[in-house]
Amino acid sequence: MIEHLIESGTSKAMHDLYGATVDERLIQIQKTRQEFEGDYTLVVFPLLRTSRKGPEQTADELGKYLVDFLPEVVDFNVIKGFLNLTVSDVYLHSFFVENKNSAYFGRKKAGTDEPVVVEYSAPNTNKPLHLGHVRNNLLGWSVSEILKASGRNAVKVNLVNDRGIHICKSMLAWQKWGQGKTPESEAIKGDKLVGDYYVKFDKAYKKEIAKLVESGMGKDDAALQAPLIIEAKEMLKKWEQGETETRDLWQKMNSWVYDGFDVTYNRMGIDFEKVYYESETYLLGKKLVNDGLEKGVLFQKEDGSVWCDLSDEGLDEKLLLRPDGTSVYMTQDIGTAQLRYDDYHPSEMIYVVGNEQNYHFDVLKIIMKKLGKEWAENIHHLNYGMVELPEGKMKSREGTVVDADDLMDEMVETARKTTEELGKFGDFSAEESGLLYEMLGLGALKYFILKVDPKRTMLFNPKESLDFNGNTGPFIQYTHARIKSVLRKAESQKIDFRNESKNLNPLQSKEKNLIKILHDFPQTIQQAAENLSPALVANFAYELAKEYNQFYHEFPMLKETDETLRASRLALSEFVANTIKTAMGLLGIAVPERM
RNA sequence: GGCCCCGUAGUUCAACGGAUAGAAUAAGGGUUUCCUAAACCUUAGAUACAGGUUCGAUUCCUGUCGGGGCUACCA
């Protein structure tokens, strides 16, 4: 790539001109800002110490050297300490010709070496997926696809939290008040049905606590002694003992939830190569903890509970087994990590989990290392920010949770309304328009979420429907459809633009800009993979679409009489459309042929 | 209390320590006998505050103020 050429050219120049080898990091290449002439800019300030000359003079000398030395660099100008270099049309044009028909442009073939295992989604089986899961799911899926496109061997896995006291709560509530209702009998998604009983439990439990407090009991005691919670704990014990009736109920209700999740996952377009269940890993976790106890890495308290002392790391003690021997969240994660390591021997284990769990993952890593697992070094927590509502954090108790299915429904409905208001495509069949609305609604949602830097807390306002204009998914989808429409017309006019080999020289500024942006795509994917940030890909797609729309507005294609120009512009358009499709594909967003 | 993260136009988001802080929306003004106006052009609008480091700070350091998270025998 051209940046590397300039970099190594500069390095050589520094050596030849000033007789010194400079640190690579001092050579800073960036894209020249629009308001200046040139394509790439070298910042010379860091090099002054070596050149022992003023910024202008150093830049001037380097500029002359680079123009002489690199055929790709044809001109330069110096403004203050900035050396602006102009890249030759020949270079850009050959890049264009070489890559325009490549189906894999920008991507590498996914690797086959030691995998990067990406865990994401990680739902509980006691309630439906909500907006928080949506960000998690989209991020995890997209990061995995970006890693693959960057040449890594990424594997997507899910970890279902299918056991524990919270699951027993919904089971108990259903047993008590469910009257044998099923998703079929109620015509409701299984995850929703189970979630309802979880809520019912919580309400009844709260009532019991209130009653006990009224009768003079302390709040904490009441929470422990309410009959419902005692019953739930007993159920958990029965579950751990493998009691048939409890296990059957558990299996039945979990399978309802999985059916519901599958519907949501499918619609969202996300998938997993492997699904882990905590019910299958917690025993391994317990075993590892007991091993650690034997080795003396962990310690036991008088009541029988097992702990890890983290004071040498400046942290507290961490409970790993309760006095009754049952496991906690951390115990399960220890088991899951070990199992996953045994399964894949990954070069890296990425956990896509919200930043509220930073502490948990710090501790997990430390404990694994204490247990002698060297590979714990490869655990990486991709901690993304929360999705907040205007009134703050989502709270299920206050009913402010945005349900994932409802959200998708609303987006698709907005897509329908918007399209109808614009009066487009009366010739679409019901099926075609249904598919289009789905594509646009989900495109708007996915882009809205993925364009934000994963690390940042983001805001979602359910009262305002997401925009379809401006920096949005539909804008980019529209650009793609628009190009496809022109290409269809060109084809029907028998214009052969794909085999055009003549030159596009001299490049108009908009054409040059487009090619420069396209030229960046492979690096953008690498960068997005390094930073685990789909936002970089989203921003790229937007920039490309925006630049294309300006080009589209300014330059006619089908009406262009110069056949060479016409063919070249059509080929450039197709290149843009394909690249948009690839970039959006990495975000899990489909692009339509017409809209 | 301790630890961690975050404060950028009215609003939602950008900006490897680099040039005059970019977009989008919302507000004002324009462009359709022309390949899709979900577009394009245009006007106005922001780095919480105070120090420090640096040739250069939205970015790094310190403090103040403001917001969020963690600090569970929940996950």
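Letters A, B, ... are given to chains in the order of the sequence lines, protein chains preceding strands, and every chain is numbered from 1. Every heavy atom of this structure was used, including side-chain atoms; hydrogens, water molecules and symmetry mates were not.
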task: Would you kindly check whether a donor in the side chain of Thr472(A) faces an acceptor in the base of A24(B), or vice versa, at under 3.5 angstrom?
output: no

Check the interface with nucleotides 18-20 of chain B: list each N/O to N/O pair with the protein under 3.5 Å, or write none.
| from | atom 1 | to | atom 2 | distance (Å) |
| --- | --- | --- | --- | --- |
| G18(B) | N7 | Gln28(A) | OE1 | 3.2 |
| A19(B) | OP2 | Arg33(A) | NH1 | 2.7 |
| A19(B) | N6 | Thr41(A) | OG1 | 2.9 |
| A19(B) | N6 | Asn84(A) | OD1 | 3.2 |
| A19(B) | N1 | Asn84(A) | OD1 | 3.3 |
| U20(B) | OP1 | Lys80(A) | NZ | 3.4 |

message: Restricting to side chain to side chain donor-acceptor pair (under 3.5 Å), what partner residues turn up for Ser509(A), sequence neighbours left out?
response: none

Please list, for nucleotides 2-13 of chain B, all pairs of protein and nucleotide N/O atoms separated by less than 3.5 Å.
| from | atom 1 | to | atom 2 | distance (Å) |
| --- | --- | --- | --- | --- |
| C13(B) | OP1 | Leu459(A) | N | 2.7 |

field: Dot-bracket summary - RNA chain B, pairs being Watson-Crick or G-U whose distances fall under 3.5 Å, with | when paired to another strand
entry: (((((((..((((....[...)))).(((((.......)))))....(((((..]....))))))))))))....

message: Test of understanding: with ring pair (Phe, Tyr, Trp, His ring centres under 6.0 Å), list the residues that count as partners of Tyr120(A), not counting sequence neighbours.
response: Phe272(A)

Ring pair (Phe, Tyr, Trp, His ring centres under 6.0 Å) partners of Tyr329(A), counting only residues at least two apart: His360(A)

message: Treating Ser492(A) as the side-chain partner and Lys489(A) as the backbone partner, does any N or O pair qualify as donor plus acceptor under 3.5 Å?
response: yes

task: Using ring pair (Phe, Tyr, Trp, His ring centres under 6.0 Å) as the criterion, list what pairs up with Tyr437(A), not counting sequence neighbours.
output: none

Between protein and nucleic acid, restricted to nucleotides 28-33 of chain B and to nitrogen or oxygen atoms under 3.5 Å apart, what atom pairs and distances do you find?
none

Name each donor-acceptor pair under 3.5 Å that joins a side chain in residues 452-463 of chain A to protein atoms two or more places apart or in another chain, with its distance.
| from | atom 1 | to | atom 2 | distance (Å) |
| --- | --- | --- | --- | --- |
| Asp453(A) | OD1 | Lys455(A) | N | 3.0 |
| Asn461(A) | OD1 | Lys463(A) | N | 2.9 |

Side-chain donor-acceptor contacts of residues 50-59 of chain A below 3.5 Å, not counting sequence neighbours, with atom names and distances?
| from | atom 1 | to | atom 2 | distance (Å) |
| --- | --- | --- | --- | --- |
| Ser51(A) | OG | Leu48(A) | O | 3.4 |
| Ser51(A) | OG | Lys53(A) | N | 3.3 |
| Ser51(A) | OG | Thr58(A) | OG1 | 2.9 |
| Lys53(A) | NZ | Glu61(A) | OE1 | 3.4 |
| Lys53(A) | NZ | Glu61(A) | OE2 | 3.1 |
| Gln57(A) | NE2 | Glu61(A) | OE2 | 3.3 |
| Thr58(A) | OG1 | Lys53(A) | O | 3.4 |
| Thr58(A) | OG1 | Gly54(A) | O | 2.7 |

field: Lys/Arg N to Asp/Glu carboxylate O, Glu317(A) vs Lys301(A), below 4.0 Å
entry: yes

Donor/acceptor link under 3.5 angstrom from Asp303(A) side chain onto base of C73(B): yes

query: Just by distance, do the side chain of Lys365(A) and the backbone of Ile379(A) share a donor-acceptor pair under 3.5 Å?
result: yes

Could you pull out all donor-acceptor pairs under 3.5 Å where a side-chain atom in residues 534-546 of chain A meets a protein atom, sequence neighbours excluded?
| from | atom 1 | to | atom 2 | distance (Å) |
| --- | --- | --- | --- | --- |
| Asn539(A) | ND2 | Ala535(A) | O | 3.4 |

task: Go through the structure and list residues passing ring pair (Phe, Tyr, Trp, His ring centres under 6.0 Å) with Phe551(A), not counting sequence neighbours.
output: Tyr548(A), Phe555(A)

task: Using atom CZ of Arg49(A) as one end and atom P of U54(B) as the other, report the distance to the nearest whole Å.
output: 11 Å

